[in-house]
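Presented below is the structure to which this report refers.
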Amino acid sequence: MEGLLIHSVEQKEKIAVFYMDVKNNVTERVIRVISIDHDAIVAYCYYRKQVRTFKLKNILAAGPISQKNKMGA
């Protein structure tokens, strides 16, 4: 997953993540990673339409998004 996050920063590409929030709700987010810290990432969240901080331990899965989703999100 770390490689995918680094790729998102370097290439300014969107990725999809499944994230568990503080209320233990799991959501799928399309994000573009801005920076990576040792325990969190700062990313633009296309769902919330703002820059957010995501704890690495709460990212359950991450992956590239399809070309179709890159255009729509």
Side-chain angles (χ1 to χ4, degrees):
M1 180 172 65
E2 183 180 348
L4 184 67
L5 298 175
I6 293 168
H7 181 78
S8 178
V9 172
E10 291 174 346
Q11 301 301 315
K12 297 182 175 25
E13 287 191 6
K14 298 175 188 175
I15 60 172
V17 296
F18 285 93
Y19 188 77
M20 184 170 47
D21 66 17
V22 295
K23 297 179 183 175
N24 292 328
N25 297 314
V26 177
T27 59
E28 181 180 11
R29 305 286 181 95
V30 174
I31 63 172
R32 184 180 51 81
V33 181
I34 297 168
S35 65
I36 304 169
D37 196 1
H38 67 280
D39 62 348
I41 62 170
V42 175
Y44 182 80
C45 175
Y46 289 88
Y47 178 73
R48 296 283 185 204
K49 296 183 177 17
Q50 59 183 268
V51 174
R52 307 285 290 224
T53 300
F54 297 90
K55 293 179 182 176
L56 289 173
K57 69 179 184 178
N58 290 352
I59 298 175
L60 306 176
I65 58 174
S66 68
Q67 286 290 70
K68 177 182 170 185
N69 287 342
K70 284 183 183 180
M71 302 303 242

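Quick caveat: nothing in here was measured; it's all calculated off a predicted structure. Side chains included, hydrogens not; waters and symmetry mates left out as well; all remaining heavy atoms used. All residue numbers in this chain count up from 1 along the given sequence.
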Subject >> Other residues, nucleotides, ligands: >12 heavy atoms within 6.0 Å of E2 CD >> reply: no
Original post:
I31 versus F54: any side-chain heavy-atom pair under 4.5 Å?
Top reply: yes
**OP:** List the steps and the verdict of side-chain contact (heavy atoms from CB on, under 4.5 Å) for N58 and V22.
**Re:** CA-CA 9 Å; N58 290 352; V22 295; 5.7 Å; no
Original post:
Do the side chain of Y44 and the main chain of V30 share a donor and acceptor less than 3.5 angstrom apart?
Top reply: no
Original post:
For the side-chain contact (heavy atoms from CB on, under 4.5 Å) test, which of I36, V17, I34, V9 pairs with I41?
Top reply: I36
Subject >> Spatial distance of atom CE (M20) from atom OG1 (T27) [nearest 0.5 Å] >> reply: 10.5 Å
Subject >> Full working for side-chain contact (heavy atoms from CB on, under 4.5 Å) between Q50 and C45 >> reply: CA-CA 6 Å; Q50 59 183 268; C45 175; 5.7 Å; no
Original post:
Do L4 and I6 belong together in a cluster built from hydrophobic side chains that touch within less than 4.5 Å?
Top reply: yes
Original post:
Can you hop from I15 to Y46 via hydrophobic side chains spaced under 4.5 Å?
Top reply: no
**OP:** Starting at NZ of K55, measure out to CG of D37 and round the result to the nearest 0.5 Å.
**Re:** 12.5 Å
**OP:** Answer yes if Y47 and Y19 sit in the same cluster of Ile, Leu, Val, Met, Phe, Trp and Tyr residues linked by side chain heavy atoms under 4.5 Å apart, and no otherwise.
**Re:** no
**OP:** Kindly say whether V42 contributes a backbone atom to a donor-acceptor pair with the side chain of T53 at under 3.5 angstrom?
**Re:** no
Subject >> Distance-minimising heavy-atom pair for S8 and E13 >> reply: OG-O, 2.6 Å
Subject >> Considering all heavy atoms, the nearest I65-K14 contact >> reply: CD1-CB, 3.5 Å
